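For reference, the structure is listed below as C-alpha cells.
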Amino acid sequence: GGGTGLGGGAALEDAAANQGLTVRAYIVDQFRKLSNAYRAGADKGTGARMHGSGRSDAREYHYKQVCAALEHLSDSPDWAELEAIGTQRHGVGGKTIAKLRELWDTGRLGRVDEFSNNPEQVARELLIKVHGIGQSRVVELVRQGVRTISDLRQRTDLSPQTSIWLKYHDQLEQPIPRDHIGEVRDRIGAVASRIDPRLKAIACGSYRRGKMESRDMDVMLILRGAGPGSTEHLEVMARIVPELHADGLLTDDLTTPGKFPQFGKKTAARVTTPSVVQAENSIAYMGICIVGGVHRRLDLRCYPEHQEAPALLHFTGSGDFNRFMSRAANARGFTLSELGLQPSVIKGPAERVPSGPHLELHSEAHIFEILRLEYKDPSERRDKIDVIDSTTGRPFFQTRESRTALPALTDTSRLQAHHPAAIT
DNA sequence: AGGCAGCGCAC
DNA sequence: GTGCGC
DNA sequence: GCCT
C-alpha cells in the first residue's frame, strides 16, 4: 500500500498531538465516537431513508469490535500496522480499513465530523445517557425538539425512573471512588446477615475488575446453602430493601423491591399494577444510595449458592467481554447466562433451545474450563480479544478458520460423566 | 440472508 | 410484546 | 459492518 511516502501519516500525528493523545488513542477515540453515534440512533434520526438505515445496533456492535482491535495497536502505528489489522483481526473489513486510510491521510473521519456538525445527532448522544432514555425514545424526543437536559426536565411525560434519576443527574455523573463501593458492600452485608445469616455480599462490576473508579455499584447477594429448586432467594429483596432505606443507605428505588411500597417511599412504581405482584419475587433491584454525601447508582441482585459462579462471572463483566464469551459458548454448543451453562442447539430460524441440563459449576474457572477458554482474571476481562481459545492459545474470534463444537462436551452423557451432579 | 448475549423489570 | 439496562 |  501507499502512504509510506514523505510526510505519510503526518496529518494523523498532528491531529492526535493536538488532543494530547497517542495516535492509537486518537484513532480509538474516533471509532468510539462512531459506536456511540450509532447507539444513539445515528441512522434513525433522519427522515431520509439513507443507505444502511436501521442497522444502528449492528454498527454500534461492529465499531466496538473495531475499538477492541485498535486498542492492541502500538502507540504510534505505521500504515503497514494499521492495514494489517484488516487481515489479522476478526471483525475488521474493507470499509474499516478505508476509514483508517482516511485518518492516516487527513487526520479526520468525515463521518465523525458529519455527526458532530449535526445538532440533532449531538442532542441524541447527550440525552441517551439519561437513565430510561434509550435509542427509541431519544430519536422521538429529539424529533420533537428536545436538545438539552433542561429541555428534558420540562417534559411531563417522563417515566418515574427517569424523573428520579434526573434529580441527581450531576452527582450520578461523578465517578465513584473504589473505597466507597467496598463500604457500601460492607453495609449491605451487615444488614443482609441480620436478615439471614446465610447471606453474603460481593461487590462485582468494575470494582471486581480492579478499577479505582466506577460509574455505579454492583453488589451481589448469595444465599449460602440454597440449591436448585430453592426459591428462598426470591424473597430476599423485598425484605432487605426496606432495611436499607431504614439504614439510610438507600434514598430512591428505580425498581420495585417487593409488595411493600410503603417502605420504599419514593418507589418509582405504582401500587396496583401486575408488575408489583411480579416483583414480590424479584431477584434484581436498581436504586439510588447515598455515600459520603453523594448519591450513587446501586444495583443489587440475589442468587442461590449453586448459581454463584455464573452470576459472579456475569456481573463482573465487562459487558463486552460477556457478549463475546457468550458467543464463544454458543459456538461451542452451549448457552451461557448468569443463571448457568447448558448445552443448546440451533432449532429453526433465530432460535436456540436447550439440549441438556444446566451443568454444575464450581467456580468461574470451571466455566472457562468447560468452554475450553483460557481463564481470565477479572482485571483482564475487557473485550473480545480477551476471550482466548485454550486449544490454540489465540483469541477465539481472531482466526478465519471455522471452529467446531466440542464433540466430547456437547455429548451430554459424557458431560454428566465428567460432572456427575449436572443440574436439571 | 441471517445473526450479532441473554436475561429481569417497567409499561 | 417493546423498550431499557446491565 | 462484518462473518458465516
Side-chain angles (χ1 to χ4, degrees), chain A residues 31 34-35 38-39 43 51-52 55-66 69 86 89-99 111 128-140 159-162 165 204-206 215-218 220 234 237 253-257 267-270 273-279 281-287 297-303 307 310-311 313-331 334-342 344 346 348-352 354 384 387 397-403:
Chain A
F31 282 93
L34 291 180
S35 182
Y38 285 111
R39 184 170 80 92
D43 59 358
H51 175 71
R55 293 178 215 272
S56 294
D57 298 333
R59 284 190 173 159
E60 176 203 355
Y61 180 84
H62 162 69
Y63 284 117
K64 276 190 168 169
Q65 300 187 58
V66 172
R89 294 296 187 190
H90 184 276
V92 181
K95 296 273 198 66
T96 303
I97 296 302
K99 286 185 174 65
R111 185 60 56 84
I128 203 170
K129 294 177 182 170
V130 173
H131 184 97
I133 308 290
Q135 195 182 79
S136 175
R137 285 186 191 125
V138 85
V139 166
E140 181 58 16
S159 72
Q161 294 90 331
T162 295
W165 192 93
C204 300
S206 55
R215 288 186 57 255
D216 56 15
M217 311 192 185
D218 211 327
M220 200 168 75
L234 299 176
M237 221 49 80
D253 302 330
L254 297 172
T255 59
T256 310
T267 190
R270 290 185 291 273
T273 59
S275 64
V276 171
V277 178
Q278 190 182 350
N281 289 338
S282 65
I283 63 173
Y285 170 81
M286 293 195 291
R297 274 279 292 109
L298 172 70
D299 285 348
L300 194 56
R301 293 183 178 238
C302 186
Y303 291 92
Q307 291 180 150
L313 177 65
H314 180 89
F315 291 105
T316 297
S318 70
D320 285 346
F321 183 84
N322 287 350
R323 288 169 85 169
F324 290 104
M325 186 152 171
S326 291
R327 282 187 65 177
N330 289 346
F334 291 87
T335 297
L336 174 65
S337 80
E338 69 270 38
L339 304 180
L341 178 66
Q342 63 181 329
S344 66
I346 304 272
E351 204 186 2
R352 176 173 277 275
K384 172 179 186 171
V387 179
F397 297 100
Q398 188 168 350
T399 69
R400 299 227 179 246
E401 69 225 37
S402 61
R403 278 164 308 266

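Keep in mind that this is a model prediction, so the values were computed, not measured.
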When the distance from [atom1] of [X] to [atom2] of [N] is rounded to whole Å, what number comes out?
X      : N     : atom1 : atom2 : answer
A:N330 : D:dC3 : CG    : P     : 18 Å
A:K99  : D:dC2 : NZ    : P     : 7 Å
A:F334 : B:dG6 : CZ    : P     : 14 Å
A:E351 : B:dA5 : CD    : C1'   : 16 Å
A:D320 : B:dC4 : CG    : C1'   : 13 Å
A:M237 : B:dG8 : CE    : C1'   : 11 Å
A:Q65  : D:dT4 : CD    : C1'   : 13 Å
A:Y63  : D:dG1 : OH    : C1'   : 7 Å

I want to check one thing: is the phosphate of [N], taken as OP1 and OP2, less than 4.0 Å away from some side-chain N or O of [X]?
X      : N      : answer
A:K64  : D:dG1  : no
A:N322 : B:dC7  : no
A:R327 : B:dA5  : no
A:T96  : D:dC2  : yes
A:T256 : B:dA10 : yes
A:H314 : B:dA5  : no

Just checking [X]: base, sugar-phosphate only, or nothing, at a heavy-atom cut-off of under 4.0 Å?
X      : result
A:R297 : sugar-phosphate
A:G93  : sugar-phosphate
A:V139 : nothing

Just compare [options] and give me whichever is closest to any side-chain atom of [X].
X      : options              : result
A:H90  : D:dG1, D:dT4, B:dG8  : D:dT4
A:Y61  : B:dA5, B:dC11, B:dG6 : B:dA5
A:T255 : B:dC9, B:dA5, D:dC2  : B:dC9
A:Q161 : B:dC9, D:dG1, B:dC11 : B:dC11

- request: Indicate whether any N or O donor in one side chain lies under 3.5 Å from an N or O acceptor in the other, for A:Y285 and A:D253.
  value: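 Note: A:Y285 and A:D253 side chains meet the donor-acceptor criterion.
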
- request: Please say whether the positively charged group of A:R301, taken as NZ for Lys or CZ for Arg, lies over the ring of A:F315, i.e. under 6.0 angstrom from the six-membered ring centre and within 45 degrees of the axis.
  value: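 No, a cation-pi geometry is absent between A:R301 and A:F315.
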
- request: Under the side-chain contact (heavy atoms from CB on, under 4.5 Å) rule, collect the residues that match up with A:S206, sequence neighbours excluded.
  value: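 Only A:R209, A:K211, A:S214 meet the side-chain contact (heavy atoms from CB on, under 4.5 Å) criterion with A:S206.
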
task: Could you list the residues that satisfy side-chain contact (heavy atoms from CB on, under 4.5 Å) with A:R297, not counting sequence neighbours?
output: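 A:R297: side-chain contact (heavy atoms from CB on, under 4.5 Å) contacts with A:H131, A:W165, A:L172, A:D216, A:L254, A:M286, A:I288, A:D299.
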
[N] and [M]: how far apart are their [atom1] atoms, nearest whole angstrom?
N     : M     : atom1 : answer
C:dT2 : B:dG3 : P     : 16 Å
C:dC6 : B:dC4 : P     : 22 Å
D:dT4 : B:dA5 : P     : 15 Å

- prompt: Residues in side chain to side chain donor-acceptor pair (under 3.5 Å) with A:Q135, at least two apart?
  reply: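 Only A:K44, A:D57 meet the side chain to side chain donor-acceptor pair (under 3.5 Å) criterion with A:Q135.
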
Contacts of type side chain to side chain donor-acceptor pair (under 3.5 Å), residue A:T162, not counting sequence neighbours: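 Scan of A:T162 (side chain to side chain donor-acceptor pair (under 3.5 Å), adjacent residues dropped) gives A:S159.
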
Qualifying salt bridge (Lys or Arg N to Asp or Glu O under 4.0 Å) pairs, either residue in residues 315-326 of chain A, two or more places apart: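 Output for this query lists A:K64-A:D320.
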
query: How many angstroms lie between CZ in A:R327 and NZ in A:K384, if you round to the nearest 0.5 Å?
result: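 NZ of A:K384 is found 6.5 Å from CZ of A:R327.
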
message: Any side-chain to backbone donor/acceptor pair from A:S35 onto A:E60? Under 3.5 Å, distance only.
response: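 Present.
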
Bounds of contact between DNA chain C and chain A, in 5' to 3' order, using a heavy-atom cut-off under 4.0 Å: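 Under 4.0 Å from chain A, the extent on DNA chain C is C:dG3 to C:dC6.
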
